[in-house]
Amino acid sequence: MLLMIMMMFERKGLGTPATRAGIIENLIYRGYVIREKKSLVSTPKGKALISIMPEKLKSAEMTAEWENRLSLIAKGQADSGSFMTDIADYVKNIIKTTGIVENMKESFNERKAIGVCPRCGSKIYEGKLNFYCENRDCSFVLWKENKFFSSKRTSITKDIAVQLLEKGKVHFKDLYSEKTGKTYEADIILDDTGGKYVNFKLMFADKPKKGR
């Protein structure tokens with residue numbers, strides 16, 4: 001709904017691609033969404049916000065009503081200032097009558113960090129596909145499914161991510177070897193060098209074997 005409104009304003013000269021990008025960046029900065037490759041994915045914080053919003057605000061009827069008014073604005077048949085005033089009044093009424101601010105505080109306080117970012121010291125949270133740093137300027141992320149772990153027929157679970165962040169390593173007894181087709185025992189070490197991707201390496205009793 002938000003992107004639809006911005007796009008329609010843009011057609012009438014009331015907004016620009018930079019405006020839309022700025023709003024998206026603000027949503028990312030505030031922790032409501034994260035980038036996962038080429039997609040924008042809602043975070044637990046974003047989902048919590050959506051869950052406590054009044055049903056009318058999320059309804060198709062509301063979207064249709066706003067789209068109709070925006071269409072009239074685009075045609076010069078309605079005033080954009082009046083539309084924005086009505087939205088502001090609607091938001092104030094929601095805050096006043098639904099207790100949404102208190103609900104937001106309660107919901108967001110339930111979100112718990114799983115560890116500390118080894119790059120910048122910020123908090124790490126669990127997303128749908130990864131474990132990400134709350135600092136938007138930090139690129140640290142642990143993907144639940146990644147090439148290094150997948151080749152050993154395992155993935156990064158929440159427990160594994162916690163151990164990697166806390167101890168820097170996790171011990172495995174049944175890692176799969178693509179060369180032999182058998183399983184083996186070793187530690188997987190968090191070997192982050194600050195690049196685009198987080199690196200890992202295997203640690204045996206004798207020497208480590210690097211990989212990503």
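Just so you know, these numbers use all the heavy atoms, side chains as well, and skip hydrogens, waters and symmetry mates.
In this structure, L202 CG and I189 CD1 are separated by 8.5 Å, a value rounded to the nearest 0.5 Å. Within the model, atoms CG of L164 and CG of L190 stand 5.5 Å from one another, a figure rounded to the nearest 0.5 Å. To the nearest 0.5 Å, atoms CD (E67) and CE (M62) are separated by 13.5 Å. Here the OG atom belonging to S71 is positioned 4.0 Å from the NZ atom belonging to K75, to the nearest 0.5 angstrom. Distance CG/L72 to CG/D79: 11.5 Å, rounded to 0.5 Å. Going from atom CG of L165 over to atom CD of Q163 covers 10.5 Å, rounded to the nearest 0.5 Å.
Nearest heavy atoms, F148 versus S151: O-OG, 2.8 Å. Here the closest heavy-atom approach between residue C133 and residue I124 is recorded as CA-CD1, 3.6 Å. The two residues V33 and S42 have their closest heavy-atom pair at CG1-CA, 4.1 Å.
Judged purely by atom type and a 3.5 angstrom limit, T43 uses its side chain to pair as donor or acceptor with the backbone of Y32. Between the side chain of S39 and the backbone N or O of V41, no donor-acceptor pair lies under 3.5 Å.
Using a cutoff of 4.0 Å between basic side-chain nitrogens and carboxylate oxygens, R153 and D174 are not scored as salt-bridged.
The shortest distance between side-chain heavy atoms of K147 and Y197 does not fall below 4.5 Å. Considering only heavy atoms from C-beta on, F131 comes within 4.5 Å of K158 through its side chain. Proximity of N130 to L142: side-chain heavy atoms (C-beta onward) are nowhere separated by under 4.5 Å. Here the side chains of D86 and R69 are in contact, with some heavy-atom distance below 4.5 Å. For the pair K169/I188, no side-chain contact is recorded, criterion being any heavy-atom separation below 4.5 Å from C-beta on. In this structure the side chain of L40 never reaches within 4.5 angstrom of the side chain of I34, judged on heavy atoms. Between S150 and S155 there is no side-chain heavy-atom pair separated by less than 4.5 Å. Proximity of I156 to N146: side-chain heavy atoms (C-beta onward) are separated by under 4.5 Å at one or more points.
Checking R119 against S139 by side-chain atom types alone, a donor-acceptor pair falls below 3.5 Å.
Residues satisfying the salt bridge (Lys or Arg N to Asp or Glu O under 4.0 Å) criterion with K144, sequence neighbours excluded, are E126. Checked against side chain to side chain donor-acceptor pair (under 3.5 Å), R35 has the following partners two or more places apart in sequence or in another chain: E25.
Counting only residues at least two apart or on different chains, no ring pair (Phe, Tyr, Trp, His ring centres under 6.0 Å) pair has a member in residues 155-181.
Under a cutoff of 6.0 Å and an axis angle of 45°, K123 and Y125 do not form a cation-pi pair.
Between Y132 and F140, the gap from one ring centroid to the other reaches at least 6.0 Å.
By the 30° and 60° cut-offs, the orientation of the rings of F149 relative to F200 is perpendicular.
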